[in-house]
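Here's the structure we're looking at; comments come further down.
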2 protein chains.
Amino acid sequence: METEPTSIWLRPARGSRGRAPEHTRDGIATVAVHLADADGLGAVTMRSVAQALGGGSASLYRYVESRDELVALMVDQVNGEIDYTVLDHADWLADLLALGGQSRGVYLRHPWLTDTPAATGDLGPHAVAYLEHALRALRDLDVDGHRKLEAIGVFTAVVRLLARTEIEQRGVELQDRRRQLAAAAHLGHLLQDGAHPHLAAALSAPPVEADEDQTERLLTRVLRGLLER
Amino acid sequence: METEPTSIWLRPARGSRGRAPEHTRDGIATVAVHLADADGLGAVTMRSVAQALGGGSASLYRYVESRDELVALMVDQVNGEIDYTVLDHADWLADLLALGGQSRGVYLRHPWLTDTPAATGDLGPHAVAYLEHALRALRDLDVDGHRKLEAIGVFTAVVRLLARTEIEQRGVELQDRRRQLAAAAHLGHLLQDGAHPHLAAALSAPPVEADEDQTERLLTRVLRGLLER
DNA sequence: GATTAATTGCGATCAGTGTTCGCTATTCTA
DNA sequence: TAGAATAGCGAACACTGATCGCAATTAATC
């Protein structure tokens, strides 16, 4: 009974004995990310990626055990876009906000990232680096380590949520005007019968626009609430 | 050029002229939810649902325009399990925590819910009711309505995140012991080389277990940070 | 340097998916 | 009772992720 490594991050990128592989994990991820950037995550099929690489789809399984692993490669690759030199190590809040801004940028540049299952199981190397830098920003805080990890988890989830909202807004504005009207009609109808007075009140004022300022404001309050006092 | 309603919540459940349908949306959702509870969201295929209903898969498209709409039906159905009588309207924080506990219960009873795309576009009736009740809990707070909606959005995302974590832990404990060991080995290897000192420090202490108390503690701090002062 | 064993690329194929088409049967409206 | 709208659905379509087995290539071993 042999214990074979299950995660792609534990498996060696290539065997040591046979013929040299024609691609690298990074090269494959790059091609897949380009496809997703252009036409969404649904455009990333084993066949389309293989074709973009100039090979057959069965060959991909020499690099990856499943499509999910391919997506994991993509996610870690774009996480590598984060530039940690923006952290000036002044105070922890500023550093985390800078990190959040970087992360938001990754989401906006790769909208399909929000369609990706939230990081589970084994983290890729760039995700680990992200954690490490976030924890470093909090190093002087007198808070239990696991509490810090909790806070970073919530932080990451909020960044994701706001980015998703921004992306949706962007998409609606650009094209699906009819759907926007339909949704408004839907809500209008719902609110007209008086069964949802608080919703009606909350929606009566013009909406707050989702942007970087909103992200910073919300992250500040969330992080203060979680880590201060 | 006709404007046809796009969301399932705007479309009438049945036509008024022809033969009566054999099922209701709720009945279909019930069957689909049972399948997902038993074998995950992947077990919910148009064919499996149709077979459980005793019909052909093509018939399902008389009720639903796509599988995504079927999933939307499922999501709204389980949101209907929330019991709003637990809100005693004492203070807003207690009410929101009670709401969070209810929502957490829904997630734990229907683990597939975390695999579902976060609510986008048109909300179902039960999601609207949820919003209404959350806003009602905040009615005496002197905060802009859209800020309240933001806070509720973050609140919901945090509940979802923590429920997901709990579900994963539960799953790992019960079966995939080998994977647990592999992940530990992965992290251990990563931390041994000294490149991630802060991560190593944070993980040195025994982990905080994810449960209802953790959820309440985190939600309290997040909500206080977002809505107070 | 020859042999062995591991490794890669991949055509062909499989089982399964969401979805559409065209038809029949039913049932409400006029 | 005639007509129109709707429901059910068998059969098919275009795709998908994944597997199998073979030939080609290369490193390690004797």
Side-chain angles (χ1 to χ4, degrees), chain A residues 2 4-6 8 10-29 31-32 35-36 39-75 112 115-117, chain B residues 2 4-6 8 10-29 31-32 35-36 39-75 112 115-117:
Chain A
E2 39 189 338
E4 16 178 330
T6 147
I8 193 176
L10 300 174
R11 219 179 311 136
R14 57 157 301 188
S16 56
R17 233 179 278 262
R19 155 181 174 188
E22 294 184 358
H23 310 285
T24 62
R25 287 178 178 174
D26 235 63
I28 293 173
V31 162
L35 286 174
D39 296 308
L41 201 53
V44 177
T45 69
M46 300 308 267
R47 278 175 247 263
S48 69
V49 173
Q51 187 173 4
L53 286 168
S57 71
S59 311
L60 268 184
Y61 288 93
R62 294 284 169 192
Y63 300 85
V64 136
E65 276 190 350
S66 65
R67 181 179 182 273
D68 283 354
E69 275 194 1
L70 173 62
V71 173
L73 244 42
M74 296 169 63
V75 170
W112 49 266
D115 301 329
T116 268
Chain B
E2 39 190 338
E4 16 178 332
T6 147
I8 192 175
L10 300 173
R11 220 179 309 135
R14 55 157 303 187
S16 55
R17 237 180 278 263
R19 155 180 174 187
E22 293 186 357
H23 310 285
T24 63
R25 286 178 178 172
D26 236 63
I28 293 174
V31 161
L35 286 174
D39 296 307
L41 202 53
V44 177
T45 69
M46 299 308 267
R47 280 175 244 264
S48 69
V49 172
Q51 187 172 5
L53 287 168
S57 72
S59 310
L60 268 185
Y61 287 91
R62 294 284 167 187
Y63 299 86
V64 137
E65 275 190 351
S66 68
R67 179 178 183 273
D68 284 353
E69 274 193 1
L70 173 62
V71 174
L73 244 40
M74 297 169 62
V75 170
W112 49 267
D115 301 328
T116 268

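Order of the sequence lines sets the chain letters (A, B, ...), proteins ahead of strands, with each chain counted from 1.
- Residue whose closest nucleotide on DNA chain C sits further toward the 5' end, between B:Ala20 and A:Glu22: A:Glu22.
- Each of B:Tyr63 and B:Arg17 was matched to the nucleotide of DNA chain D holding its nearest heavy atom; the match closer to the 5' end belongs to B:Arg17.
- Considering only residues two or more places apart in sequence or on other chains, A:Ser66 meets the side-chain hydrogen bond (donor to acceptor under 3.5 Å, both in side chains) condition with none of them.
- Protein chain B touches strand DNA chain D; the 5'-most and 3'-most nucleotides with an atom under 4.0 angstrom of its non-hydrogen atoms are D:dA5 to D:dA12.
- For the side-chain contact (heavy atoms from CB on, under 4.5 Å) test, residues two or more places apart in sequence or in another chain that qualify with B:Ala50 are B:Ser57, B:Leu60.
- The nearest whole Å value for the distance from the CZ atom in A:Arg14 to the C1' atom in C:dG9 is 14 Å.
- For A:Arg19, the salt bridge (charged side-chain N to carboxylate O under 4.0 Å, His left out) partners two or more places apart in sequence, or in a different chain, are A:Glu22.
- Partners of B:Ala29 under the side-chain contact (heavy atoms from CB on, under 4.5 Å) rule, at least two apart in sequence or in another chain, are B:Leu73, B:Gln77.
- Under the rule for a side-chain hydrogen bond (donor to acceptor under 3.5 Å, both in side chains), the partners of A:Thr45 that lie at least two apart in sequence or sit in another chain are A:Ser48.
- Residues forming a side-chain contact (heavy atoms from CB on, under 4.5 Å) with A:Arg62 (at least two apart in sequence, or on another chain): none.
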Summary of protein contacts for nucleotides 19-25 of chain C, nucleotide by nucleotide, where a base hit scores B, a sugar-phosphate-only hit scores S (4.0 Å, heavy atoms): BB-----
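- Here the P atom of nucleotide C:dT7 and the NE2 atom of A:His23 are 19 Å apart, to the nearest Å.
- Annotation for A:Ile8 and A:Arg25: closest pair O-NH1, 3.3 Å, computed over non-hydrogen atoms.
- When heavy atoms are screened at a 4.0 angstrom cut-off, A:Ser59 is found touching base atoms of the nucleic acid.
- Considering only residues two or more places apart in sequence or on other chains, B:Arg14 meets the salt bridge (charged side-chain N to carboxylate O under 4.0 Å, His left out) condition with none of them.
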